[in-house]
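Heads up, the thing below is written out as structure tokens.
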Amino acid sequence: MDETNDLSGARVLITGGTGYVGSHVAVALAGAGAEVELLDNLCHSSANVVERVSDLAGVDVTLHRVDLRRQEDVPGVFDGAPFDAVVHCAGLKSVAESISHPLDYYDNNVVGTLNLLRAMDRAGTRRLVFSSSATVYSPEGVPPLDESAPIGPINPYGRTKSVVEEILDEVCAADPSWGVYNLRYFNPVGAHPSGRIGEDPNTDPANLVPRVLDVALGVRSEIAVYGTDYDTPDGTCIRDYIHVCDLADGHVAAVARLLDTATGCRAVNLGTGTGHSVLEVVEAVRRVSGREVPTRPHQRRPGDQPVSVADASMAETELGWTARRGLEEMCGDAWNWRHHNPRGFEDG
Ligand code: WQD
């Protein structure tokens, strides 16, 4: 536990708390001394996560099985002891799915957030850490992207994140008792080193690292490399992959600042500032798994940017946080999780 982030005595609700990022945030907050409760509708995650999070937290963690889209169900979550802050991770997060089902994304990600904010305001809980995304940035931005880079999402998923950021900005402007951090994630990967929690997409993963791990496990025959002719050193796209435990630590730091003095609404990038190419990720998984990972050049994926890397300096000055784990550790922990949980959380 980072001494500067002692959350002893704080009560924090994590929405999307049985999801990939939410479960890691819950463990990190508990590790900093906070009392955590989870909210999730379990549409994309397993109830088995609660037991694993409780094991890692060393305390029984409560799950509120609630769908934030059901406005009438949300206020009751706040009927118990007051929460000091909410970390809002609940939301749909597939770019491709958002293009084919935009209404689902606005309903879950925007309407769900409005219902949460109303219930928070009614309960007097006005400290919020929001799970935003680097997809709010315009493709015109020149990497490394800082928080002043132009905003211009190009898909419904990114637009829902940008709309919620604007809503939060206006709520804070109207009522100075609110304090908000919009944390803009770059590419979260990896898993808790215990191997007890990790990314468990119960739908076919679109992201690179889960697919490369599928190949290493023999679940998938090869990885199609979407574009090998980009203007990058090895011709493949570069991304700012960040260990999910570093990401979680960034949330702990944000909650600590909100409970200390921070008010108003601030956007902060959570990235490492270092980019890695598709082929570098594949090579790292080969090293940590000892497995062959065949690749096949494939045409570019529409909408992909050649390079997406964060300028992460604001997080250091604003939150006193920097990412500490490198690509080898990200892929090693991800492999450890998948290798020991081939069927994800369905293993109980
Ligand atoms: C990374 C690179 C692909 C699969 C997305 C969302 C973002 C965030 C993270 C939610 C790209 C290449 C991929 C494959 C490949 N999600 N690739 N073969 O697109 O940077 O970001 O996930 O917050 O919001 O936009 O991540 O992992 O999908 O792709 O070559 O089979 O890997 O082209 O260059 P992306 P990704």
Side-chain angles (χ1 to χ4, degrees), residues 16 19-22 24-25 44 88-99 105 108-109 130-139 141 143 145 151-162 164-165 182-190 199 201 203-216 219-244 247 250 269-272 275-285 293-310 327 330-331 334:
Y20 174 43
V21 172
H24 285 84
V25 168
H44 281 295
H88 182 31
C89 296
L92 299 178
K93 66 167 191 171
S94 163
V95 167
E97 189 184 55
S98 77
I99 293 165
Y105 273 69
N108 274 277
N109 296 3
F130 173 57
S131 168
S132 191
S133 168
T135 44
V136 304
Y137 289 119
S138 162
L145 298 171
I151 300 298
I154 58 171
N155 53 68
Y157 164 73
R159 279 190 206 97
T160 66
K161 294 296 186 179
S162 182
V164 169
E165 285 197 9
N182 291 318
L183 300 183
R184 292 173 181 166
Y185 303 173
F186 277 70
N187 287 65
V189 297
E199 187 170 11
T203 55
D204 180 31
N207 293 130
L208 177 68
V209 170
R211 286 186 171 183
V212 175
L213 292 167
D214 279 350
V215 175
V219 172
R220 194 184 289 264
S221 60
E222 61 184 12
I223 188 78
V225 178
Y226 293 155
T228 57
D229 59 349
Y230 285 100
D231 183 15
T232 61
D234 66 13
T236 65
C237 288
I238 292 172
R239 293 291 181 271
D240 187 334
Y241 299 98
I242 176 171
H243 196 296
V244 67
L247 195 78
N269 288 340
L270 290 191
T272 68
H276 292 285
S277 72
V278 172
L279 294 182
E280 284 176 308
V281 170
V282 170
E283 196 48 46
V285 171
V293 180
T295 62
R296 170 173 55 84
H298 189 279
Q299 66 188 26
R300 295 182 175 191
R301 182 173 69 174
D304 273 344
Q305 297 306 310
V307 179
S308 170
V309 173
L327 184 66
M330 293 178 214
C331 294

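Atoms within each ligand, like the ligands themselves, are counted from 1 in listed order. Worth saying up front: this structure is predicted, and the values here are computed from it rather than measured.
The distance from the CG atom of Leu183 to the OG atom of Ser133 is 11.5 Å, given to the nearest 0.5 Å.
Ligand 1 lies within reach of Tyr241, whose nearest heavy atom is under 4.0 Å from it. Ligand 1 lies out of reach of Ser308, whose nearest heavy atom is not under 4.0 Å from it.
Screening residues 226-235 for salt bridge (charged side-chain N to carboxylate O under 4.0 Å, His left out), with sequence neighbours left out, gives Asp229-Arg300.
Where the criterion is an N or O separation shorter than 3.5 Å, residue side chain and backbone included, Leu208 meets it with respect to ligand 1. In terms of N/O distances under 3.5 Å, ligand 1 is approached by Ala224. Looking at ligand 1, you won't find any N or O of Lys93 less than 3.5 Å from one of its N or O atoms.
Under 3.5 Å, the side chains of Asn269 and Tyr137 contain a donor-acceptor pair of N or O atoms.
Evaluated by nearest non-hydrogen atom to atom 23 (O) of ligand 1, the leading choice among Tyr20, Phe186, Tyr185, Tyr157 is Tyr157. Relative to atom 9 (C) of ligand 1, the option among Val278, Ile238, Asn187, Thr228 with the closest non-hydrogen atom is Asn187.
Listed by chain and number, the residues in a salt bridge (charged side-chain N to carboxylate O under 4.0 Å, His left out) with Glu283 are Arg286 (sequence neighbours excluded).
If you look at Val281 next to ligand 1, there are no close heavy atoms at all, none under 4.0 Å.
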Chi angles and distances behind the side chain to side chain donor-acceptor pair (under 3.5 Å) call for Ser131, Tyr185: CA-CA 7 Å; Ser131 168; Tyr185 303 173; 3.2 Å; yes
